[in-house]
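Notes to accompany the following structure.
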Amino acid sequence: MATTNKASTKGLTELFHGTLKDIYFAEKKILATLPKMAKAVQSPDLKAAFEKHRGETKEHVARLEEVFEVIGKKPQGKTCAAIVGMTEEGAEIMEEYKGAAALDAGLLAAAQAVEHYEISRYGTLLTWASELGLDEAVSLLKLTLGEEKATDEALTQLAESTVNMAAEAA
Ligand SMILES: [Fe+2]
Ligand SMILES: [Fe+2]
């Protein structure tokens, strides 16, 4: 029986557009969640790190809107189940460790899971943009990827220098 597979006509351009919608949704979700996380933690350094990254995340959203423009599409999000799940896990930690010394370490770890997700997505988008010859998108995605990596490293430093010790001291 002959069947036409509609999906067979879909290529890298569609994958790129779909993943762009995924990370656009994710960045907006992160933008809404970071103030809650900054408010919840005790460590002034961790609070400052979350607030700093909130400012960067605003830029990430704006850059993604520019990338949509590069491919001639309207900025549009698509529900990203991964980020919804990670946000729920962060909320669980806030609930379960409310007032506990380990709250900061738990939320720092939750934030790093998000950073790793973003690094993965931006790494992929960057490779695809380059293969599709979207030079302007490559530059924009590179800037954001660099900030996600720097945030991840800053969080590791904070965990190792103070936040984990505070949790252990409890
Ligand atoms: Fe981001
Ligand atoms: Fe991030």
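Counting convention: from 1, in listed order, for ligands and their atoms alike. In this text the structure is predicted, and so the values were computed from the model without any measurement. No hydrogens, no waters, no symmetry mates; every other heavy atom, side chains included, goes into these values.
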Item to complete: Could you tell me whether the side chains of H53 and E56 share a donor-acceptor contact shorter than 3.5 Å?
Response: yes
Discussion item. Any donor-acceptor pair under 3.5 Å linking the side-chain atoms of H116 with those of E148?
Written reply: no
Practice prompt. Can you spot which of K29, Q76, E65 makes a side chain to side chain donor-acceptor pair (under 3.5 Å) with Y24?
Written response: E65
Worksheet entry | Donor-acceptor under 3.5 Å (S130 side chain, L126 main chain) | no
Discussion item. Using the side chain to side chain donor-acceptor pair (under 3.5 Å) criterion, which residues pair with E147? Sequence neighbours excluded.
Written reply: H60, R63
Response to the item:
Under 2.8 Å from the Fe ion (ligand 1), the protein N, O or S atoms found are E27 OE1, E27 OE2, H60 ND1, E118 OE2, E148 OE2
Worksheet item: Is a side-chain N or O of D104 found less than 3.5 angstrom from the main chain of Q42, in a donor-acceptor match?
Response: yes
